Q: 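Structure below; questions to follow.
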Amino acid sequence: MQNTNQYKIMVVDDDPDITELLQYNLAKEGYEVASAENGKEALDTAAKFNPDIILMDVMMPVMDGITACRHLREKPEFRDTYILFLTARSEEFSEIAAFDAGANDFITKPIKPRALLSRLAAHVRRDNQQTSDDHQVIEIGDIRIDRTSFSVFKGEERITLPKKEFELLSFLAATPNKVFNREELLNNVWGTDVYVIARTVDVHIRKVREKIGEEHIKTIKGVGYKFNTD
């Protein structure tokens, strides 16, 4: 994917006014757009439309957005799809639940189309930049990270990580034993133009540890995290 109008976006919301507003503004920017009214319909539509980006409400009938997100992340073809939640709920637990389910970003209603389009454009720029970056293999102990193929190996075992977990692990492993605080990790992995809470880092660190082992990423209490070689 090289430019904005090659990106396909699926809007999932049970409010037809919001869906119509977003479809209109996204189409104006050159995106190809599809829509669904609830999480269950989103799963069916995603299988046919194969979106690059999904904008999804949290509270919906039939199937809520968080459940739908979990189902999507279980499918290999949607492991790296950019999922941004749209919701009127601003409680922190909603954000934590969203990121725990596999969300990449979170924006509260009422939605300001220009702000949303700016955020999506920033994602497209980062995505294209990462695609053109020099390839690199990092090997530390029994961990091998291949940025060419987005692969992680622990010994001979291949470990599958979603894109943000892979980027977080790669960033830490690129400078082993250097401690990064949450803000530094958010800025370098998620970007300065994306608003996510600090707990997002903790959720992703926990998921990476579950897959590669607790010993590789060390918590420095009151400071942050480091890739451990001790």
Side-chain angles (χ1 to χ4, degrees), residues 66 69-70 73 79-85 90-108 119 122-230:
I66 290 174
C69 183
R70 287 199 180 97
R73 291 304 193 207
R79 182 171 60 88
D80 296 327
T81 302
Y82 186 78
I83 300 178
L84 187 153
F85 273 111
S90 59
E91 296 89 352
E92 184 175 302
F93 79 86
S94 295
E95 298 191 30
I96 294 169
F99 288 121
D100 200 41
N104 297 99
D105 203 355
F106 189 101
I107 188 169
T108 56
R119 187 173 297 193
H123 164 69
V124 170
R125 287 195 302 272
R126 285 195 305 273
D127 195 39
N128 287 329
Q129 180 61 44
Q130 287 163 2
T131 301
S132 62
D133 281 346
D134 291 337
H135 299 317
Q136 184 178 358
V137 175
I138 302 172
E139 293 190 60
I140 303 175
D142 62 345
I143 298 294
R144 178 162 59 92
I145 303 166
D146 187 343
R147 289 181 171 175
T148 304
S149 59
F150 270 76
S151 301
V152 177
F153 293 86
K154 183 175 183 179
E156 296 300 315
E157 178 189 3
R158 179 168 180 160
I159 299 170
T160 300
L161 297 179
K163 191 172 183 180
K164 273 291 175 276
E165 291 175 29
F166 178 88
E167 291 170 358
L168 178 60
L169 175 62
S170 297
F171 180 77
L172 288 168
T175 316
N177 294 316
K178 176 176 171 58
V179 181
F180 295 92
N181 61 37
R182 289 179 179 85
E183 184 177 354
E184 290 173 315
L185 293 172
L186 286 171
N187 289 343
N188 284 280
V189 177
W190 280 264
T192 57
D193 47 8
V194 175
Y195 172 73
V196 290
I197 60 175
R199 282 289 304 275
T200 303
V201 174
D202 302 335
V203 170
H204 282 71
I205 288 287
R206 173 173 57 78
K207 289 187 172 185
V208 172
R209 281 173 168 162
E210 288 172 354
K211 294 166 186 173
I212 70 167
E214 296 281 337
E215 69 276 14
H216 294 292
I217 299 178
K218 185 174 181 180
T219 301
I220 308 302
K221 192 171 182 180
V223 183
Y225 299 100
K226 72 171 184 175
F227 191 96
N228 188 36
T229 61
D230 298 336

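Bear in mind the structure is a predicted one, so any value in this text is a computation, not a measurement.
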Q: Measure the shortest side-chain to side-chain distance between Phe171 and Phe227 over non-hydrogen atoms and say whether it is less than 4.5 angstrom.
A: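 SC-SC contact between Phe171 and Phe227 ruled out.
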Q: Any donor and acceptor pair, going by atom type alone, linking the side chain of Arg79 with main-chain N or O of Arg73 inside 3.5 Å?
A: no
Q: Aromatic ring centroids of Phe99 and Phe85 under 6.0 Å?
A: no
Q: Do Leu172 and Lys226 come close enough that some side-chain heavy atom pair is under 4.5 Å?
A: no
Q: Checking side-chain polar atoms at under 3.5 Å, does Tyr82 have a donor or acceptor matched by the opposite partner on Asp105?
A: yes
Q: Would you say that Leu169 contacts Glu165 through its side chain, given a criterion of any heavy-atom pair below 4.5 Å between the two side chains?
A: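 They are not in side-chain contact.
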Q: Does any part of the side chain of Thr175, heavy atoms only, come nearer than 4.5 Å to the side chain of Phe180, both counted from C-beta?
A: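 Side chain of Phe180 against side chain of Thr175, heavy atoms only: contact under 4.5 Å found.
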Q: Extract all donor-acceptor atom pairs below 3.5 Å that involve side chains of residues 217-224 and protein atoms in other chains or at least two apart in sequence.
A:
residue: Thr219; atom: OG1; partner: Arg209; partner atom: NH1; Å: 3.4
residue: Thr219; atom: OG1; partner: Arg209; partner atom: NH2; Å: 2.6

Q: Under 4.5 Å between any side-chain heavy atoms of Tyr225 and Val179, yes or no?
A: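 No, side chains not in contact.
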Q: So do the side chains of Leu84 and Phe106 get within less than 4.5 Å of each other, counting heavy atoms only?
A: no
Q: Which atoms form the tightest heavy-atom contact between Gly102 and Cys69, and what is the distance?
A: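 Closest approach of Gly102 to Cys69, heavy atoms only: C-SG, 3.9 Å.
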Q: I'd like a table of donor-acceptor pairs (distance under 3.5 Å, sequence neighbours excluded) in which one partner is a side-chain atom from residues 154-161, with atom names and distances.
A:
residue: Lys154; atom: NZ; partner: Ile212; partner atom: O; Å: 2.8
residue: Arg158; atom: NH2; partner: Ser151; partner atom: OG; Å: 2.7

Q: How far apart are the closest heavy atoms of Ile138 and Ala173, and which atoms are they?
A: CG2-O, 3.8 Å
Q: Between Asp80 and Lys164, is any pair of side-chain heavy atoms under 4.5 Å apart?
A: no
Q: Could you give the distance from CD (Glu167) to CG (Leu185), rounded to the nearest 0.5 Å?
A: 12.5 Å
Q: Are Asn181 and Glu184 close enough that some pair of their side-chain heavy atoms sits under 4.5 Å apart?
A: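 Result yes, sub-4.5 Å side-chain heavy-atom pair found.
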